[in-house]
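Read the structure below first, then the notes.
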Amino acid sequence: LAMRSPAIVLLDLSLSGGVEATLRLLSEAAQDRAVLVVTDPRQSVDRVEVARRGGRGFVPRSLTAAATIDAVVSLRQRVRPIGTRILALDDDPLMLAAIGVAVDGAGFDLKTCGDPQQFWEQLEEHEPDLVMLDFDMPGITGPELCRALRNDERWQGTPVLFLTSRSSAASIHEIFDAGADDYVHKPCVGPELVARIGNRLERVRLYRHLADVDALTGTFNRRKSVEDIERLLRMAARAQQPLTLCVLDIDHFKSIN
């Protein structure tokens, strides 16, 4: 593990050292990477204990090699943080700097915004995968912005994470009533913030994969394809660059299916 630094480990619970030894290895490996556990249907598995030790999924031993690789690739797509765009809005520059320190090294592409009036412009420019909002800001509150996001078809599915010093039941209710996905108390601790972001993005990617990908071909469906083409058109217009679209007509496509 130290020499290869793999992103994912496929761990067989039936190793000769015994289940307990394998679970200890799982705990060590899961500290820095995702671990898929191979299970034998003939053996009972404490799935709660596996999850407690950091396991991210189960693969039956009966799967073919190709299906096992598919499971690994699917997990990799869900947990990979590199390239993830985050837009953080807070009127306190010290808080924005603290957020930058907290997520440093996690592979996120963080954009910060200190003026609520510039939020929509920043949103259009960066097209984030996740939005972080402060609760109390001059002129507009975080929950009000969150409601506006949820009313916009383009952004209604974007995960929203609140950073707030509020802890009253009424405030927490207002956050979730506005459509937020999660919240973190200020001052935020780096590992907790990164974990909350990662967990939320993983769930969103899983749901989007189920909703956007055709199960037969593995390609995007019509709705997702139109959404991506429109996004590319907007990017091209902003950058004043041409956009090329290539259409391929494949003969005997049923044989590929």
Side-chain angles (χ1 to χ4, degrees), residues 31 48 51-52 54 56 78-211:
Q31 292 179 6
V48 174
R52 185 180 294 129
R56 304 301 292 270
R78 300 203 317 263
V79 303
R80 187 180 187 206
I82 297 175
T84 299
R85 298 182 300 274
I86 297 175
L87 176 61
L89 173 65
D90 198 304
D91 61 312
D92 184 355
L94 294 179
M95 190 62 210
L96 292 178
I99 293 172
V101 172
V103 302
D104 184 41
F108 300 131
D109 180 8
L110 176 66
K111 305 295 181 182
T112 59
C113 178
D115 185 357
Q117 302 301 322
Q118 298 178 359
F119 174 73
W120 295 103
E121 179 182 343
Q122 296 287 322
L123 193 69
E124 290 285 343
E125 180 177 349
H126 298 300
E127 296 187 334
D129 301 297
L130 181 140
V131 172
M132 299 171 62
L133 296 177
D134 185 19
F135 194 109
D136 299 295
M137 293 177 292
I140 191 171
T141 68
E144 290 173 337
L145 268 181
C146 187
R147 286 190 180 90
L149 276 175
R150 293 296 180 244
N151 290 334
D152 191 317
E153 185 177 354
R154 283 187 57 197
W155 309 109
Q156 60 187 201
T158 303
V160 176
L161 178 69
F162 269 80
L163 297 181
T164 178
S165 56
R166 296 194 178 204
S167 58
S168 68
S171 297
I172 303 307
H173 174 76
E174 186 175 357
I175 287 174
F176 286 114
D177 187 58
D181 296 279
D182 201 355
Y183 73 96
V184 176
H185 282 296
K186 295 180 180 179
C188 54
V189 180
E192 179 190 3
L193 184 59
V194 171
R196 294 287 187 98
I197 292 173
N199 289 339
R200 179 52 51 186
L201 289 172
E202 180 181 348
R203 301 311 301 170
V204 169
R205 285 169 180 157
L206 174 60
Y207 296 145
R208 285 180 178 172
H209 179 81
L210 294 174

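Heavy-atom basis, side chains included; hydrogens, waters and symmetry copies ignored.
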Taken to the nearest 0.5 Å, the spacing of Thr158 OG1 from Arg85 CZ works out to 10.0 Å
Can you find a pair of side-chain heavy atoms, one from Phe162 and one from Val131, that are under 4.5 Å apart?
no
Could you tell me the separation between the CG atom of Leu193 and the CG atom of Leu161, rounded to the nearest 0.5 Å?
6.5 Å
Who pairs with Asp136 by salt bridge (charged side-chain N to carboxylate O under 4.0 Å, His left out), at least two apart in sequence or on another chain?
Arg166
So, using side-chain contact (heavy atoms from CB on, under 4.5 Å) as the criterion, who are the partners of Gln117 when residues are at least two apart?
Asp115
By side chain to side chain donor-acceptor pair (under 3.5 Å), which residues pair with Arg196, not counting sequence neighbours?
Asp182, Glu192
Main-chain N/O of Val160 paired with Asp181 side-chain donor or acceptor, under 3.5 Å
yes
Sequence neighbours excluded, the answer for side chain to side chain donor-acceptor pair (under 3.5 Å) partners of Ser168 is Ser171
For Tyr183, what residues pass the ring pair (Phe, Tyr, Trp, His ring centres under 6.0 Å) criterion, not counting sequence neighbours?
Phe176, His185
Can you tell me how far apart CD (Glu174) and CD (Glu144) are? Round to the nearest 0.5 Å.
8.0 Å
Show me the side-chain donor-acceptor pairs of residues 90-104 shorter than 3.5 Å, one per line, residues at least two apart or across chains.
residue, atom, partner, partner atom, Å
Asp90, OD1, Asp92, N, 2.9
Asp90, OD2, Lys186, NZ, 3.0
Asp92, OD1, Leu94, N, 3.0

Under 4.5 Å between any side-chain heavy atoms of Arg147 and Leu149, yes or no?
no
Between CG of Leu89 and CG of Leu163, what distance do you get to the nearest 0.5 Å?
10.5 Å
